[in-house]
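One structure below.
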Amino acid sequence: VLAAAFGTASDSLTISTRSRAVAPGEIVIVTITSPVPIRAPIVRAFDRQLPSFAVNDRTWRVLVGIDIDVAPGKHPVTVESGADRVTHTLAVLPKQFPTRRLTVDDAFVNPPESAAKRIKEESELVAAIWKSSAPEMFWKGPFVRPVPQPANSAFGTRSVFNGQRRGAHGGADFPSPAGTPVLAPNAGRVVLVRDLYYSGNTVIVDHGLGVFSYFAHLWHMTVTEGARVAPGPTVGHVGATGRVTGPHLHWTVRVGGARVDPLALLALLGEPSGTK
């Protein structure tokens with residue numbers, strides 16, 4: 001269910017919002033309208049400046065991601081255009097994510113010391129990618145599902161392996177058979193194609209303006225770094241590489257640095273049937 005709300009309006013700016021929910025892991029589309037043409041407004045939310053894109057010269061939009069770890073409460077979204085400044089308050093509701101407790105081989109939980117350097121370097125590489133999105137919007141039209149199978153509601157799950165608490169699951173898992181083609185959900189630029197310690201064969205697509213798709217555990221990767229992709233072509237095939245126990249597609253979506261549920265992206269910017 002998508003909800004719309006209106007925020008405080010100045011003499012020349014009005015803010016409206018649309019979202020599946022206003023809670024951790026969700027995306028809010030903020031629309032700024034003006035009775036006269038304006039340039040790209042400056043928008044800040046959750047201590048970040050976020051890029052905007054034009055619908056027309058009087059209407060601009062911004063995607064605001066609410067990270068998994070955002071605390072419930074009132075959070076301001078400020079919009080500045082010339083001398084005008086207006087603030088909309090997002091009332092973030094609490095959300096309880098599930099916890100799963102598993103007993104597995106200790107080697108699965110604690111990597112060997114010999115892998116520490118590799119893990120650190122890969123973590124720093126991916127963190128740098130999240131901060132270097134293209135300043136232009138590559139995506140066009142609706143986002144599409146990368147695989148036909150439904151997600152298993154794993155987003156946000158807190159795992160406890162052998163009594164050790166782990167971080168929240170930052171993506172959606174699709175229990176797809178090995179070899180299933182993985183489609184580019186929208187246009188973008190491929191910014192990473194490589195085998196990573198935890199996520200195995202991994203492809204990251206920058207859709208521009210802070211929106212990324214991260215596909216993990218692939219059996220085979222069919223794109224190269226730097227390539228431009230359109231929505232629909234295959235970027236790889238489902239596999240079980242990296243630290244996993246069986247074949248599936250892990251799809252992470254980042255919006256403005258926030259970890260958000262890919263199904264929220266499909267609900268807001270996807271095809272009507274793409275939210276299952």
Side-chain angles (χ1 to χ4, degrees), residues 1-95 127-143 170 186 188 206-213 253-262 264-270:
V1 177
L2 302 183
F6 284 86
T8 305
S10 69
D11 291 338
S12 60
L13 294 178
T14 300
I15 296 178
S16 63
T17 63
R18 188 166 66 97
S19 62
R20 189 175 67 163
V22 183
E26 297 294 330
I27 300 171
V28 179
I29 299 178
V30 176
T31 301
I32 302 111
T33 56
S34 169
V36 297
I38 59 173
R39 294 184 177 181
I42 299 172
V43 181
R44 292 192 63 85
F46 302 107
D47 299 319
R48 300 187 300 271
Q49 183 170 322
L50 302 172
S52 57
F53 56 96
V55 178
N56 53 56
D57 61 1
R58 302 184 184 194
T59 306
W60 293 76
R61 287 198 175 121
V62 178
L63 301 185
V64 177
I66 306 176
D67 189 77
I68 297 173
D69 289 334
V70 165
K74 295 181 178 180
H75 297 268
V77 178
T78 61
V79 179
E80 295 182 43
S81 176
D84 290 301
R85 177 187 172 97
V86 62
T87 299
H88 175 80
T89 300
L90 289 178
V92 177
L93 299 174
K95 184 170 184 177
I129 287 174
W130 299 144
K131 297 177 181 178
S132 58
S133 182
E136 59 185 296
M137 185 175 72
F138 294 141
W139 80 82
K140 297 178 181 179
F143 280 76
N186 213 313
D206 176 15
H207 301 294
L209 299 184
V211 180
F212 290 92
S213 285
V253 168
R254 290 271 181 144
V255 172
R259 297 166 293 173
V260 298
D261 189 346
L265 181 71
L266 292 177
L268 291 167
L269 296 175

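Computed over heavy atoms, backbone and side chain alike; hydrogens, waters and symmetry mates excluded. Because the structure is predicted, anything quoted here is derived from the model rather than measured.
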(message) So Val30 and His88, do their side chains get closer than 4.5 Å, heavy atoms only?
(response) no
(request) Please round to the nearest 0.5 Å and tell me the distance separating atom CD of Glu26 and atom CG of Asp67. (result) 12.0 Å
(request) Please examine the side chains of Asn186 and Leu269, heavy atoms only from C-beta on, and report whether any two atoms are closer than 4.5 Å. (result) no
(message) Nearest 0.5 Å, please: how far is CD in Glu136 from CZ in Phe138?
(response) 4.0 Å
(message) Less than 4.5 Å apart, side chain to side chain, heavy atoms only: is that true for Val253 and Val255?
(response) yes
(message) Donor-acceptor pair, distance only, cut-off 3.5 Å: does the side chain of Arg20 make one with the backbone of Ala267?
(response) no
(message) Would you say that more than 12 heavy atoms from the other residues, nucleotides or ligands in this model lie under 6.0 Å from the CZ of Arg48, or not?
(response) yes
(message) Among residues at least two apart in sequence or on other chains, which ones pass side chain to side chain donor-acceptor pair (under 3.5 Å) with Asp57?
(response) none
(request) Can you see which heavy atom on Pro142 is nearest to which on Gly270, and at what distance? (result) CB-C, 3.7 Å
(request) Grab the two heavy atoms, one from Val22 and one from Ala91, that are nearest each other, plus how far apart they are. (result) CG1-O, 3.5 Å
(message) Could you tell me if the side chain of Leu13 sits less than 4.5 Å from the side chain of Ile38, heavy atoms only?
(response) yes
(request) Taking all non-hydrogen atoms of both residues into account, name the closest pair between Val79 and Pro41 and its distance. (result) CG1-CB, 3.9 Å
When the side chains of residues 127-134 are checked against the rest of the protein, which donor-acceptor pairs come out under 3.5 Å, sequence neighbours left out?
from   : atom 1 : to     : atom 2 : distance (Å)
Ser132 : OG     : Ala128 : O      : 3.2
Ser132 : OG     : Ile129 : O      : 3.1
Ser133 : OG     : Asp206 : OD1    : 2.8
Ser133 : OG     : Leu209 : N      : 3.4
Ser133 : OG     : Gly210 : N      : 2.8

(message) Does the plane of the ring in His207 sit parallel, tilted or perpendicular to the ring in Phe143? Use 30° and 60° as the thresholds.
(response) perpendicular
(request) Of all the heavy-atom pairs spanning Trp139 and Gly208, show the shortest one and how long it is. (result) CZ3-O, 3.4 Å
(request) Nearest 0.5 Å please: distance from the CD1 atom of Ile27 over to the CZ atom of Arg18. (result) 11.0 Å
(message) Please report the interatomic distance CG(Leu268) to CG(Leu63), rounded to the nearest 0.5 Å.
(response) 8.5 Å
(message) Between Ile15 and Val77, is there a side-chain heavy-atom distance shorter than 4.5 Å?
(response) no
(request) Drop me the distance from Ile42's CD1 to Gln49's CD, to the nearest 0.5 angstrom. (result) 5.5 Å
(message) Please determine whether side chain to side chain contact (heavy atoms under 4.5 Å, CB included) holds for the pair Asp69 and Arg259, giving the CA-CA distance in whole Å, both sets of side-chain angles, and the decisive distance to 0.1 Å.
(response) CA-CA 9 Å; Asp69 289 334; Arg259 297 166 293 173; 2.7 Å; yes
(message) Among residues at least two apart in sequence or on other chains, which ones pass side-chain contact (heavy atoms from CB on, under 4.5 Å) with Thr31?
(response) Ser16, Ile29, Thr33, Thr59, Arg61
(message) Measuring from atom CG of Asp84 to atom CD1 of Ile32, what distance do you get when rounded to the nearest 0.5 angstrom?
(response) 12.5 Å
(request) Let me see the working for Leu265 and Val260 under side chain to side chain contact (heavy atoms under 4.5 Å, CB included), right down to the final yes or no. (result) CA-CA 8 Å; Leu265 181 71; Val260 298; 5.9 Å; no
(message) I'd like to check Ile66 versus Val28 (side-chain heavy atoms, cut-off strictly below 4.5 Å). Are they in contact?
(response) yes
(request) Taking atom CG of Asp47 as the centre, report whether more than 12 heavy atoms of other residues, nucleotides or ligands fall under 6.0 Å from it. (result) no
(request) Please report the closest heavy-atom contact between Ala264 and Gly25, naming both atoms and the distance. (result) CB-O, 4.3 Å
